[in-house]
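Heads up: the structure comes next, in structure tokens.
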Number of protein chains: 2
Amino acid sequence: MTCPQLEELDLLHSHICQAMGDPKRILILYALHEQPRHVTALADDLGLPQPTVSRHLRILRQRALVTTQRDGPAVVYRLVDDRMIHVLDEMRQVLRDVMARQSEILS
Amino acid sequence: MTCPQLEELDLLHSHICQAMGDPKRILILYALHEQPRHVTALADDLGLPQPTVSRHLRILRQRALVTTQRDGPAVVYRLVDDRMIHVLDEMRQVLRDVMARQSEILS
DNA sequence: TTGATGTATTCGGATAGGCGAATACATGAA
DNA sequence: TTCATGTATTCGCCTATCCGAATACATCAA
């Protein structure tokens with residue numbers, strides 16, 4: 001890499017964005033913000049297959065966005081930091097504003 | 001898609017995250033926040049090849065994160081909305097906090 | 001129209017990411 | 001230990017992403 005500014009923190013930063021760069025993972029994050037949940041509960045609530053949810057959760061855990069806690073044979077997933085939801089909300093709001101401005105221009 | 005909650009806005013939302021999910025694009029966004037720039041200036045300042053920067057800029061433009069303005073044969077790129085930088089900063093801060101908490105636990 | 005400058009695209013190859021289906025693994029109760 | 005429940009992983013396949021290198025395209029001045 002010839003770009004000296006690409007340091008470790010930048011990589012981690014982009015990893016976090018990447019982790020949120022899948023619509024199903026965004027749904028999972030919002031669902032866990034609403035309430036920590038077992039994998040199966042999450043799968044049922046979102047209408048997704050359990051292995052799919054489990055795979056996405058692994059990614060979110062590797063990126064330190066969610067954490068786990070055993071509950072008998074089940075595993076409870078919860079957000080590590082609720083501020084990430086705030087970040088997502090802000091992003092969503094900016095997106096909405098930009099879209100609104102664009103449709104103003106087009107009309 | 002069997003998941004009814006996966007609507008258009010969710011897709012756009014994840015597209016934005018995805019757009020920021022590359023370290024070079026994060027650098028580009030911060031550089032443009034500092035100052036709008038030509039493609040070549042951006043490439044020089046970041047130490048990246050011009051075609052690479054151009055390709056990344058196209059992605060950022062398609063996702064409505066940056067906008068363009070001709071300046072003779074050159075093209076000036078600028079951020080559509082500076083709040084996206086604020087979002088990135090917040091994300092970075094949360095990341096830092098989480099990392100700090102983890103190293104506390106490990107020590 | 002030609003040349004200089006600046007920008008965008010194409011091509012090919014390598015890598016990563018996503019999914020369904022099947023299956024392996026872990027935990028606790030009986 | 002055995003079973004039931006819940007979770008994680010593997011496999012094969014397909015698609016998406018990224019890059020370097022080369023090249024095409026756009027704009028303006030002369």
Side-chain angles (χ1 to χ4, degrees), chain A residues 1-3 5-6 10-29 31-32 35-63 65-78, chain B residues 1-3 5-6 10-29 31-32 35-63 65-78:
Chain A
M1 177 62 59
T2 59
C3 184
Q5 292 116 337
L6 284 181
D10 295 297
L11 287 177
L12 292 175
H13 199 174
S14 63
H15 283 344
I16 298 295
C17 295
Q18 221 173 4
M20 304 194 296
D22 181 283
K24 294 178 183 173
R25 285 200 288 270
I26 290 184
L27 285 181
I28 289 174
L29 289 172
L32 292 180
Q35 172 163 5
R37 256 174 268 212
H38 297 179
V39 177
T40 301
L42 212 44
D44 288 347
D45 294 347
L46 300 179
L48 297 171
Q50 177 267 323
T52 295
V53 172
S54 184
R55 267 184 308 227
H56 284 304
L57 285 171
R58 177 172 56 167
I59 293 171
L60 293 173
R61 190 174 31 136
Q62 286 172 338
R63 308 290 216 271
L65 289 170
V66 304
T67 187
T68 59
Q69 175 188 349
R70 272 226 164 265
D71 174 25
V75 177
V76 179
Y77 279 81
R78 70 182 65 246
Chain B
M1 180 62 59
T2 59
C3 183
Q5 292 115 337
L6 284 181
D10 296 297
L11 288 176
L12 292 174
H13 199 174
S14 63
H15 283 342
I16 298 295
C17 295
Q18 221 174 2
M20 304 194 297
D22 181 283
K24 294 178 184 174
R25 285 199 289 270
I26 290 184
L27 284 181
I28 289 173
L29 290 173
L32 292 180
Q35 173 163 4
R37 257 175 268 214
H38 296 179
V39 176
T40 302
L42 212 44
D44 289 347
D45 294 347
L46 300 180
L48 297 172
Q50 176 269 322
T52 295
V53 172
S54 185
R55 267 185 307 229
H56 283 304
L57 285 170
R58 180 173 53 167
I59 292 171
L60 293 173
R61 190 174 30 134
Q62 287 171 337
R63 309 289 216 270
L65 289 170
V66 305
T67 186
T68 59
Q69 174 188 349
R70 271 226 164 264
D71 175 25
V75 177
V76 179
Y77 279 80
R78 70 181 66 244

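All of these numbers come straight from a predicted model, not from anything done at the bench. First the proteins, then the strands, lettered A, B, ... as listed; each starts at 1.
Here C/dT7 presents its P atom at 8 Å from CZ of B/Arg70, a figure rounded to the nearest Å. When rounded to the nearest whole Å, the span between CD1 of B/Ile59 and P of D/dA16 equals 13 Å. Rounding to whole angstrom units, CZ of residue A/Arg37 and P of D/dG6 are separated by 16 Å. If you take CG of A/Leu60 and P of C/dG18, they are 10 Å apart, rounded to a whole angstrom. As rounded to whole Å, 12 Å separates atom C1' of C/dA21 from atom CD of A/Gln50. Atom C1' of nucleotide D/dG6 and atom CG of A/Leu48 are separated by 17 Å, given to the nearest angstrom. Protein atom NE2 of B/His38 is 6 Å distant from nucleotide atom P of C/dT7, rounded to whole Å.
For the helix from C/dT1-D/dA30 to C/dA30-D/dT1, the end axes, each set by the C1' atoms of five terminal pairs, are bent relative to each other by 10° (nearest 10°).
Closest to the side chain of A/Pro51, out of C/dA22, C/dT27, C/dG17, is C/dA22. Proximity note for B/Ser54 (side chain, C-beta onward) versus C/dT9, C/dA21, C/dT5: the nearest is C/dT9. In the set D/dT27, D/dC18, C/dG6, C/dG6 carries the atom at the smallest distance from any side-chain atom of B/Ala74. Nearest to the side chain of B/Val39, among C/dG20, C/dT7, C/dC11, sits C/dT7. Considering only side-chain atoms of A/Arg58, the nucleotide from C/dA8, D/dT9, D/dA26 that sits closest is D/dT9. Candidate nucleotides C/dT9, D/dC18, C/dA8 were compared by shortest atom distance to the side chain of B/Asp22, and D/dC18 ranks first. The side chain of A/Pro73 lies closest to D/dT5, out of D/dT17, D/dT27, D/dT5.
Atom CG in A/Leu27 sits 9.5 Å away from atom CG in A/Leu42 (nearest 0.5 Å). Distance check, rounded to the nearest 0.5 Å: CG of A/Leu65 to CZ of A/Arg25 gives 9.5 Å. From A/His13, atom NE2 reaches atom CD of A/Gln18 across 12.5 Å, with rounding to the nearest 0.5 Å.
Looking at which nucleotide of DNA chain C each of A/Asp71 and A/Gly21 is closest to, the 5′-most match is held by A/Gly21.
Residues B/Leu48 and B/His56 are not in side-chain contact: their nearest non-hydrogen atoms beyond the backbone lie 4.5 Å or more apart. Side-chain contact between A/Arg37 and A/Val76 is absent, with no heavy-atom pair separated by less than 4.5 Å. Under the 4.5 Å side-chain criterion, counting only non-hydrogen atoms from C-beta, A/Leu32 is in contact with A/Leu57.
Regarding contacts with the backbone of C/dG20, a side-chain N or O of A/Thr52 is found under 4.0 angstrom from either OP1 or OP2. Remark: A/Arg25 is in phosphate contact with C/dG18, judged by side-chain N or O atoms under 4.0 Å from OP1 or OP2. Residue B/Tyr77 places no side-chain N or O under 4.0 Å from the OP1 or OP2 atom of C/dG6. OP1 and OP2 of C/dG18 both lie 4.0 Å or more from every side-chain N or O belonging to A/Lys24. Using a 4.0 Å cut-off, no side-chain N or O of A/Gln18 falls inside it from OP1 or OP2 of C/dA16. Considering only side-chain N and O atoms, A/His56 lies under 4.0 angstrom from the phosphate OP1 or OP2 of C/dC19.
Here the side chain of A/Arg78 pairs no donor or acceptor atom with the backbone of A/Pro36 at under 3.5 angstrom. Between the side chain of B/Arg63 and the main chain of B/His15, a donor-acceptor pair closer than 3.5 Å is present.
Counting any heavy atom pair closer than 4.0 Å across all strands shown, A/Leu57 reaches no nucleic acid atom. Using a 4.0 Å heavy-atom criterion, one finds that A/Leu42 contacts no nucleic acid atom at all.
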Practice prompt. Begin from the C-alpha positions of A/Lys24 and A/Leu46 and carry the test side-chain contact (heavy atoms from CB on, under 4.5 Å) through to its verdict.
Written response: CA-CA 9 Å; A/Lys24 294 178 183 173; A/Leu46 300 179; over 6 Å; no
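For C/dT7, its base never sits under 3.5 Å from the side chain of B/Arg55 at any donor and acceptor pair.
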